[in-house]
*Asks:* 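Could you have a look at this structure, given as structure tokens, before my questions?
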Amino acid sequence: MKQKIQVFCLLVLALFQLSNSGSAQQFFKQHPQINPYQYTVVKEQSFQKAAVTSAHPLASMVGAAIMEDGGNAFDAAIAVQFTLAVVFPGAGNIGGGGFLLSRNKEGVLMGIDFREAAPSKAHRDMYLDEKGNPIEGMSKLGASASGVPGSVAGMFSAHPFAKKTMKQLLQPAYELAADGFVITESEARSLNAERKNFIKHSAQASAFSRKEYWKAGDTLYQPELAATILRIQQNGKAGFYEGETAAMIVEEMKNSKGVISLEDLKIYTPKFRNPIEFDYRGYHIISFAPPSSGGILIAQMMQMIAPYPVSVMGANTFESVSLMVEAQRRAYADRAEHMGDPDFWKVPTTTLTSNAYAQERMKNYQPGVAGNSKMIQAGVAKESEETTHFSVIDEAGNMVSVTTTLNGGYGNKTIVGGAGFLLNNEMDDFSIKPGVPNMYGALGGEANSIQPGKRMLSSMTPTLVTKNNQPYINIGTPGGTTIPNQVYEGLVNIIDHNMSLKAAIDAPRFHHQHIPDNINVEADFPEKTINALKEKGYIVNKRYAFGRMDGIMILPNGNRVAAGDKRGDDSVAGY
Ligand code: DON
């Protein structure tokens, strides 16, 4: 059986190469500096003209090469998104969704929301049994967990701002899927860890499921994914949302009560969202609007701490951490109550992001005293009327910041039979029942309940910073509900504590999300601060590292300093 599958895969591969003749090997032949079979991680480097930081060295190198060939930051971002879908299948994706935030060289801002949507057959109680209790795993694993994917359509929405053809921008991804690439230690480890899940939750065997364990240095070939990419190259968006690929997605739904239909795929449309903007200590910060909670949360938290001398308090000291945690507590209480898809729920964005509201929320803050989430509820905000992040800055100063996800690592663990890509488990980001936490412990209510066509509330926070109206920082990270806190802490590290981009990214992080009422810290968090927080009554838990923050900063001499998080294979490239 296994042999039959292998022979079939080789046949499929040979067929693509014939049908795609003339373009196979084209990109990597023309860019011999990028070797998919031998590459290294570069954590920090300064480039004169353009830079990319992403979760994988090959994706960053592809993005940089696209720009060196005359593409702009939008070209690079599109190529990086598709490349990550091949080389970083745990989070890079075509079966998921995300947010693209950009500021072009003229200063025009744009937000593309390509978040997954609930299928038309989805409904509020779809993950509850007849007694009204959540059905274990149903919103997290298998076809039933998947929202309608948005990534491919999202990239097509960004394409009018790029210079190259979509076919050219998909070519590196096609070649990496068809001709293979060498996997890293961490990729091998996570593929092995998910082996049983892939088999259990997918109707057919895939490139990921083989008998032997994966090890660093093995070559991963994905012929079915290459065929899917080829269909997109040949038929555009319809190569994914209609025809053969769409039929394969719908077929996969039958395996575990999935409800995505051909019509759901056909009608999926990305939406343009006005970004969230606010000022902090002379810097202008731009981030993503609902259905992400990220932009509102960082606007709230940074305005809440602005009146305090954070730089004098010092980084990760008791004084600064307790202040920042009390801001986190208040902002995240509002997340659960007020935030959801703005097309279905009236999010009081203007109020929540106003400085007056931030100061009002902090009125009951007492420096040095541990707060209590039972006392701090959501404010009254009436309106008057294995995710992955990558950053790109090109020579002209266009900045593109993308956070994209399948939600959990490898999403719902379902590889679409015959199409070779993973589906998301984004439905778990909805509130499946008031008071029932999702996989990140986040609570929600009516604002984030399931409705057909609605987009689930996200924490993804692609963020840009300008200084004197000039591009300055492009940053973001994965990590579920920890994302807005990571971005908030990273920016405070740079702006208040004067850290370099790399030091700000690598610094130990802390996280409070209102409920549960505790502070999670990374293992290398200063013990002195942990002890002082505990003495004052905070509950502090050490947990595994969170996030993989990637960013680029423009120095006064115009150089682009790119930095990848120490926490993963994150790597920079540029020229
Ligand atoms: O949209 C969200 O907020 C989540 N689906 C993000 C998931 C994530 O960051 C997982 N990565 N560690």
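The structure displayed is predicted, hence computed values, not measured ones. Side chains included, hydrogens not; waters and symmetry mates left out as well; all remaining heavy atoms used. Both counts, for ligands and for their atoms, begin at 1 and track the order of listing.
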*Asks:* In terms of ring plane angle, is the pair Y410 and F208 parallel, tilted or perpendicular, where the classes change at 30° and 60°?
*Replies:* perpendicular
*Asks:* Non-hydrogen atoms of Y440 versus ligand 1: any pair closer than 4.0 Å?
*Replies:* yes
*Asks:* With backbone taken as N, CA, C and O and side chain as the heavy atoms from C-beta onward, which portion of R115 lies under 4.0 Å from ligand 1: side chain, backbone, both, or neither?
*Replies:* side chain
*Asks:* State which residue, out of I552, V392, D550, V572, fulfils the side-chain contact (heavy atoms from CB on, under 4.5 Å) condition with V52.
*Replies:*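 Answer after filtering I552, V392, D550, V572: V392.
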*Asks:* Using a 4.0 Å heavy-atom cut-off, which part of M456 comes near ligand 1: side chain, backbone, both, or neither?
*Replies:*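 No part of M456 is near ligand 1 at this cut-off.
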*Asks:* Will you find, in the side chains of S391 and T53, an N or O donor that is under 3.5 Å from an N or O acceptor?
*Replies:*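 Judged by distance alone, the side chains do not pair up.
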*Asks:* For ligand 1, note which part of I483 has a heavy atom under 4.0 Å away: side chain, backbone, both or neither.
*Replies:*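 The answer is the side chain.
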*Asks:* Mind checking salt bridge (Lys or Arg N to Asp or Glu O under 4.0 Å) for E194 and listing every partner two or more places apart, or none if nothing turns up?
*Replies:* K413
*Asks:* For F272, is the CZ atom crowded, meaning more than 12 foreign heavy atoms sit under 6.0 Å from it?
*Replies:*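 Atom CZ in F272 is crowded, with more than 12 foreign heavy atoms closer than 6.0 Å.
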*Asks:* Please say whether L457 places an N or O atom under 3.5 Å from an N or O atom belonging to ligand 1.
*Replies:* no
*Asks:* So which protein heavy atom does atom 1 (O) of ligand 1 come closest to, and at what separation?
*Replies:* S458 OG, 2.7 Å
*Asks:* Ion pair present between K454 and D341, side-chain N to carboxylate O less than 4.0 angstrom?
*Replies:* no
*Asks:* Under 4.0 Å from a heavy atom of M460: which atoms of ligand 1 are those, numbered in the order shown and with their elements?
*Replies:* 1 (O), 3 (O)
*Asks:* Tell me, which protein residue and heavy-atom name are nearest atom 3 (O) of ligand 1, and how many Å apart are they?
*Replies:* S459 N, 2.7 Å
*Asks:* Please determine if R195 forms a cation-pi arrangement with Y213, meaning its NZ or CZ atom is less than 6.0 Å from the six-membered ring centre and no more than 45° off the ring axis.
*Replies:*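 That pair qualifies as a cation-pi contact.
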*Asks:* Do me a favour and list the nearest non-hydrogen protein atom to atom 7 (C) of ligand 1 with residue, atom name and distance?
*Replies:*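 So the nearest neighbour among protein heavy atoms is T387 OG1, 2.6 Å.
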*Asks:* Return the residue, atom name and 0.1 Å-rounded distance of the protein heavy atom closest to atom 12 (N) of ligand 1.
*Replies:*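 Answer for atom 12 (N) of ligand 1: G479 N, 3.3 Å.
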*Asks:* Among Q328, R509, Q513, find the residue that satisfies the side-chain hydrogen bond (donor to acceptor under 3.5 Å, both in side chains) test when tested with N485.
*Replies:* Q328
*Asks:* From atom 5 (N) of ligand 1, work out which of T404, D429, T405 has a heavy atom at the shortest distance.
*Replies:*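 Considering heavy atoms of T404, D429, T405, the nearest to atom 5 (N) of ligand 1 sits in D429.
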